[in-house]
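In what follows, chains carry the letters A, B, and so on, assigned in the order in which the sequence lines appear, proteins first and then strands, with residues in each chain numbered from 1. Computation of the quantities below employed the complete heavy-atom set of this structure, encompassing side-chain atoms and omitting hydrogens, waters and symmetry-equivalent molecules. Note that the coordinates shown come from a computational prediction; the quantities given were computed from them, not determined experimentally.
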There are 2 protein chains.
Amino acid sequence: MTNQNKESCAVRATLRVTKALADLQRVRILMMLKRGELCVCQIVEVLALAPSTVSKHLSILSAAGLVDMRKNGRWARYRLPEGMAGAFIRPLLSWLGNTLKNDADIVRDVRNLKRVLNCDPGSLCRRQRKR
Amino acid sequence: MTNQNKESCAVRATLRVTKALADLQRVRILMMLKRGELCVCQIVEVLALAPSTVSKHLSILSAAGLVDMRKNGRWARYRLPEGMAGAFIRPLLSWLGNTLKNDADIVRDVRNLKRVLNCDPGSLCRRQRKR
DNA sequence: GCTATAATTCGCCACATGACGAATCAAAAC
DNA sequence: GTTTTGATTCGTCATGTGGCGAATTATAGC
């Protein structure tokens, strides 16, 4: 983003971020990612939504700069942005973390996530395909 | 809000806030209120929306705890929450302020607001009713 | 009391958004 | 090269959201 149009599109970039945060499932994803990098099938398993739905949520988070993605073979791994790239949205993520770290639903997600992390990702995908 | 259900509804309260922030007009209102207390007709004048629409936006912001309201006769004056009440959302408002303070649209709003503040509020309402 | 008036609520419409399954894409595995 | 497979895109549908004008509310002024 060049310096001269940074000002004129700030409000659009900002709304991309706030709109991305204005959905329960996307907030749940962000809170899970605080525990570290995850692949799509692991997020699908915890949220219990269709893979296509989760993929869409992740693309919205990505467009807002709230997550980073890197592909490793067929596996796409998502994580919270680090370093300079994440400086812009870090205050928001830490506010979110503070307000939700004791929330019952979020705590349950994290507990489920720990269980899911012990599974073979391949077997998760296989089960998800069966539905 | 009692202590025992604070955790269980944190995510709902949080989403009320993020959803409230996920709209251009409501963000514009918050940025205007950084300049101080405003009555509805002044906000209507700058946003150039129907009074009923603005009123709805203000009720959403109010439900999220992002603004305070006090009635003075027929006039309703809105402002950013102060003191303890605003502590929860202050980090968000300052993030918003930082990211948008140089945005072209927001700067224009503030300039228009200064002009509007020089008008008699009663005359603003009269003009708005004519539309 | 009656009228005027600032603001809100209501009813309606157009459009945006989130969900799914089917189809597609792209990298591995054979 | 064909098949398998993790992920994404597309098409569709139900629901949510933002906008307006009309009706309503509540207070001030006569």
Side-chain angles (χ1 to χ4, degrees), chain A residues 12 15-29 37-45 47-64 67-79 116 119-131, chain B residues 12 15-29 37-45 47-64 67-79 116 119-131:
Chain A
R12 272 194 296 167
L15 280 172
R16 238 193 324 272
V17 172
T18 56
K19 280 172 189 279
L21 292 176
D23 176 88
L24 172 60
Q25 319 301 346
R26 292 195 287 268
V27 167
R28 291 172 72 194
I29 291 172
E37 208 173 42
L38 295 174
C39 71
V40 179
C41 63
Q42 292 169 323
I43 299 171
V44 166
E45 194 65 21
L47 296 188
L49 293 174
S52 62
T53 304
V54 172
S55 185
K56 178 76 172 142
H57 281 309
L58 286 167
S59 82
I60 291 170
L61 288 170
S62 184
V67 300
D68 271 352
M69 190 265 272
R70 66 192 175 98
K71 285 210 111 161
N72 192 343
R74 282 172 296 190
W75 302 85
R77 307 187 39 80
Y78 285 85
R79 61 177 166 180
V116 166
C119 301
D120 167 49
S123 70
L124 293 177
C125 286
R126 221 166 304 128
R127 270 200 292 148
Q128 288 161 14
R129 217 173 318 122
K130 291 258 170 62
R131 284 173 192 165
Chain B
R12 272 194 297 168
L15 281 173
R16 241 197 319 274
V17 173
T18 56
K19 281 171 188 279
L21 293 176
D23 177 87
L24 172 60
Q25 320 300 348
R26 291 194 289 268
V27 167
R28 292 172 71 193
I29 291 172
E37 207 172 42
L38 296 174
C39 72
V40 179
C41 64
Q42 292 168 323
I43 299 171
V44 166
E45 194 65 20
L47 297 188
L49 293 173
S52 61
T53 303
V54 172
S55 185
K56 177 71 175 154
H57 281 309
L58 286 167
S59 81
I60 290 170
L61 288 170
S62 184
V67 301
D68 270 351
M69 191 265 272
R70 66 193 176 95
K71 285 211 113 161
N72 192 342
R74 282 173 295 189
W75 302 86
R77 300 175 61 67
Y78 285 85
R79 60 177 167 180
V116 165
C119 303
D120 168 50
S123 70
L124 293 177
C125 287
R126 220 166 304 127
R127 269 200 293 147
Q128 288 160 13
R129 216 174 319 122
K130 291 258 170 63
R131 287 174 191 164

Please report, rounded to the nearest Å, how far the [atom2] atom of [N] is from the [atom1] atom of [X].
X        : N      : atom1 : atom2 : value
B:Ile60  : D:dG16 : CD1   : C1'   : 11 Å
A:Lys19  : C:dA16 : NZ    : C1'   : 8 Å
B:Glu45  : C:dA6  : CD    : P     : 13 Å
B:Asp120 : C:dT5  : CG    : P     : 12 Å
B:Leu15  : D:dT17 : CG    : P     : 11 Å
B:Leu124 : C:dT5  : CG    : P     : 14 Å
B:Arg70  : C:dA7  : CZ    : P     : 13 Å
A:Leu61  : C:dG18 : CG    : C1'   : 13 Å

### Message
Let's go through B:Ile60 and B:Arg26 carefully: what are the C-alpha distance in whole Å and the side-chain angles of both, what is the deciding distance for side-chain contact (heavy atoms from CB on, under 4.5 Å) to 0.1 Å, and is it a yes or a no?
### Response
CA-CA 9 Å; B:Ile60 290 170; B:Arg26 291 194 289 268; 3.4 Å; yes
#### Entry: Rounded distance [0.5 Å steps], CG in A:Leu124 versus CZ in A:Arg129
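If I round to the nearest 0.5 Å, the distance is 11.0 Å.
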### Query
Looking at CZ of B:Arg70 and SG of B:Cys39, how far apart are the two atoms once the value is rounded to the nearest 0.5 Å?
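Those atoms lie 11.5 Å apart.
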#### Entry: pair A:Arg79-A:Val67: side-chain heavy atoms closer than 4.5 Å
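No, their side chains stay 4.5 Å or more apart.
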#### Entry: C:dA19 OP1/OP2 closer than 4.0 Å to side-chain N/O of A:His57
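Yes, because at least one side-chain N or O of A:His57 sits under 4.0 Å from OP1 or OP2 of C:dA19.
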### Identified side-chain contact (heavy atoms from CB on, under 4.5 Å) counterpart of B:Tyr78 within the set B:Leu38, B:Val40, B:Asp68
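Filter result, single survivor: B:Val40.
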### Query
Is there a donor-acceptor pair under 3.5 Å between the side chain of A:Gln128 and the backbone N or O of A:Cys41?
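A pair under 3.5 Å: yes.
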Tabulated below should be each protein N or O lying under 3.5 Å from an N or O of nucleotides 6-12 of chain D; please produce it.
unit_1: D:dG6; atom_1: OP2; unit_2: A:Arg129; atom_2: NH2; d: 2.3
unit_1: D:dA7; atom_1: OP1; unit_2: A:Val40; atom_2: N; d: 3.4
unit_1: D:dA7; atom_1: OP1; unit_2: A:Ala76; atom_2: N; d: 3.4
unit_1: D:dA7; atom_1: OP2; unit_2: A:Cys41; atom_2: N; d: 3.2
unit_1: D:dT8; atom_1: OP1; unit_2: A:Tyr78; atom_2: OH; d: 2.5
unit_1: D:dT8; atom_1: OP2; unit_2: A:Ser55; atom_2: OG; d: 2.8
unit_1: D:dT8; atom_1: O5'; unit_2: A:Ser55; atom_2: OG; d: 3.0

